[in-house]
Amino acid sequence: MSSNIRKEISRLNPRQKEAVLSTEGPLLVLAGAGSGKTRVITMRVAHLIERGIPADNILAVTFTNKAAKEMRARVKSLLGKRQGEKPLISTFHSLCLRILRKEIEHLGYRKDFTIYDTSDQLSLMRNLMQDVKVLDKSFKVESIMERVSWAKNGMAVPESTEETEADDLGAISTSLYDRYQQALQAFNAVDFDDLLILTLKLFKEHPDVLKRYTEIFRYIMVDEYQDTNSIQYQFVRLLGGQDMNVCVVGDDDQSIYGWRGADISNILDFEKDFAGAKVVRLEQNYRSMGNILTAANGVIKNNTKRMGKSLWTERGPGPRVKIIKKPGVEDEAKWVADKIALIRYDKKRKYEEFAIIYRANLLSRPFEEALRLERIPYTVIGGTSYFERREIKDLASYLKLIANPSDDISLLRVANVPRRGLGPTTLERLSNFARESGISLFEAFKKSSAAPGIKDKTSALASEVAGIVERFIEPFSKKGHMALAMKELVREIGYRDYLFEVFKTPEVAVKKVENVESFIDSLAQYEAENTGSTLQGFLEAMALTDMEEEKDEKAMGVTLISLHSSKGLEFPVVFLVGLEDGILPHKKSIYMEGGIDEERRLCYVGITRAMEELYLTHTVNRVKYGKDEPSTPSRFIEEIPEVSIEVLGESEILSTEESETKAKSFFSNIQAMLGD
DNA sequence: GAATCACGCATTTTT
DNA sequence: TGCGTGATTC
């Protein structure tokens, strides 16, 4: 049965094999783009199991659910008949949640805490700002929340922020930091940051607990190590224990999340930080043709702080990378659309084989228009296009409240949903009442008749809300009856009518009602799939995994995607568009320390998405916020070795390379015809 | 409470 | 330029 794995391993290249077989001690696998990284990780897991390591002692950590899911599937198929062996493959956040659910009482928290997602965080912060009366328009809740998050993660404020307001923003953020954290505790809630921070705290303050986990997770693997922040780094170190059988896999050249806390020095300093570490470089690329790799290597070698790596391939050089200059954005977009139509016809490619990749989502517009004009199907990935799921949030807040009545933020959210006459003034008064009496808002709702300034009628409404919540606690705790309870809840609060009342256009309202239905369905599905299903469990799954993720895979037509989201994907034909100074590198990054380097990595990520053909486009004039402004080609274009590129002028459609092959085939066709 | 207007803002994104 | 937000008005 395990010969299957051995056979698979024998097919690996020498470097890959080394990475798979080096199981003891710290190991850094520098996995270049397209070097078969996932293959190596999954095979390493399989190999450990085959070697007799109990699956329970193996942990693989990823950043996204998608990555975890894929890895699980691949390990499963590798293990063949030994599928009963299930190593833990999880995201950082789910792993920490798992640990906290068991251990958080060591830190003085309650076990049944609620998880606050980004929008909960923002509502909470908004409330706090109102309390402190810093509802100064000059500061966005988002920027304050961002600062607080940095502080929580022990991160220094980035150098570049404009000095003047930086101090004020900093001061306000620090003043809100404590209040925010206290509020979370009072609401029996933790945010995404806390999941990691508290677990780290737990390990630091309770060596006995840490010891238990180091004894369980004897072999650890971390994917996308270049994206780890300081907390995650410390977490990995601690969990590594004495043995330090820690294998981190990543690519410093693809570190593009510095702006949200990822610390590239984690991977750069790995050898120094983990004594006796071994480094394996995966440089053979199985994705791209030679010229594309030459271009990628040429660009990235201009970064100074890096481990050093050069991609190569056994495939031929392939066509050269084309550089296209167009007068304006419409010309650029039209050219790309035309080119796609042409290549599709000439080379019998599917639309799905093309991608248009840009630095910022707002650059997608002209391309969407050009594609629509030519009737070319496309899918835009990411951006704000995801529909506003207000209805889901509303209902989820009810559920959160039922699971945890101390959750003031959720109560505030649903108090007047559907509208029942509990306006801002009433909520303000009840909040004050709660604060002064040292009780939760929920308790205040129940005792609202005692609150100052609340009329009897209003008080009745408030206690009715509390009543609904209380009445549903029991039905939701009954095994296998949650979906039913949910339906009942929707009916009881008259949520459908509310949706039709709020959304004027019936089509929109119908859509919303459908979303509600599918939300109930997903709850039913959750119940069906999980034997020990609980409301808390469902809410967790909801917070930690995107319920909609399943359907984004069936992207149809040409893919339009940002550079960031394109990481990890590949396409036969890639158009990297808007390659101009100010866009890539982005003008805001220019003044940030290490900003240009990160932009260069972004460019590298873009280039390495292409398998066969790569087109880099830029314009002479670009419309920016309505105004036409002259643009300069990206400095990164100059860094591409000339041997690998061919520059097309403003009016050319075909490169000389392409004209030549076209001419050749034209002549051979003529000859064939004459021969007949 | 809804409709309208003026204003300001405008990378990148996952859990 | 175009969108989303918050204020203003009926």
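Only a predicted model underlies this, so the values are computations on that prediction, with no experimental measurement involved. Each chain gets a letter, A, B and so on, in the order the sequences are listed, and its residues count up from 1.
A straight line from NZ of A:K140 to P of C:dC3 spans 18 Å, rounded to a whole angstrom. Rounded to whole Å, the distance from CG on A:L97 to P on B:dT15 is 14 Å. Atom CD1 in A:I231 sits about 17 Å away from atom C1' in B:dT14, given to the nearest Å. At whole-Å resolution of the value, NZ in A:K66 and C1' in B:dT13 are 14 Å apart. In this structure, A:R260 places its CZ atom 9 Å from P of B:dT15, rounding to the nearest Å. Rounded to an integer number of Å, the gap from CZ of A:F92 to P of B:dT14 is 17 Å. Note: CG (A:L196) to P (B:dT14) measures 16 Å, nearest angstrom.
Contact check on A:R601 versus A:D251 returns no salt bridge, with no Lys/Arg side-chain nitrogen under 4.0 Å from an Asp/Glu carboxylate oxygen.
Taking the C1' atoms as reference points, C:dT5 lies 23 Å from B:dT12, given to the whole Å. Nucleotides B:dT13 and C:dG2, compared at atom C1', are 23 Å apart to the nearest Å.
For A:H586 and A:W259, the gap between ring centers reaches or exceeds 6.0 Å. Aromatic ring centres of A:Y498 and A:Y495: separated by under 6.0 Å.
The phosphate of B:dA10 (OP1 or OP2) has no side-chain N or O of A:N361 nearer than 4.0 angstrom. The phosphate of B:dA10 has neither OP1 nor OP2 within less than 4.0 Å of any side-chain N or O from A:R365. Using a 4.0 Å cut-off, some side-chain N or O of A:N65 falls inside it from OP1 or OP2 of B:dT15.
Within the nucleic acid shown, A:E599 comes within 4.0 Å of at least one base atom, counting heavy atoms only. Residue contacts shown for A:F192 include a base, since a base heavy atom lies under 4.0 Å away.
Applying the side chain to side chain contact (heavy atoms under 4.5 Å, CB included) test to A:T38 and every residue at least two apart in sequence or in another chain returns A:T42, A:E70, A:R74.
For the pair A:Y625 and B:dA10, the ring geometry qualifies as stacking, because the centroid separation is below 5.5 Å while the planes lie within an angle under 30°. Both geometric conditions, a ring-centre gap below 5.5 Å and a plane tilt below 30°, are fulfilled for A:W259 over the base of B:dT12. Ring stacking holds between A:H586 and B:dT11, with the centres under 5.5 Å apart and the planes within 30 degrees of each other.
The side-chain hydrogen bond (donor to acceptor under 3.5 Å, both in side chains) test with A:S149 is passed by exactly one of A:D193, A:D191, A:T118: A:D193.
The 5' end of DNA chain B is approached more closely, in terms of each residue's nearest nucleotide, by A:K587 than by the other of A:K587 and A:T91.
On a pure distance criterion of 3.5 Å, a polar donor-acceptor pair joins the side chain of A:T118 and the base of B:dT15.
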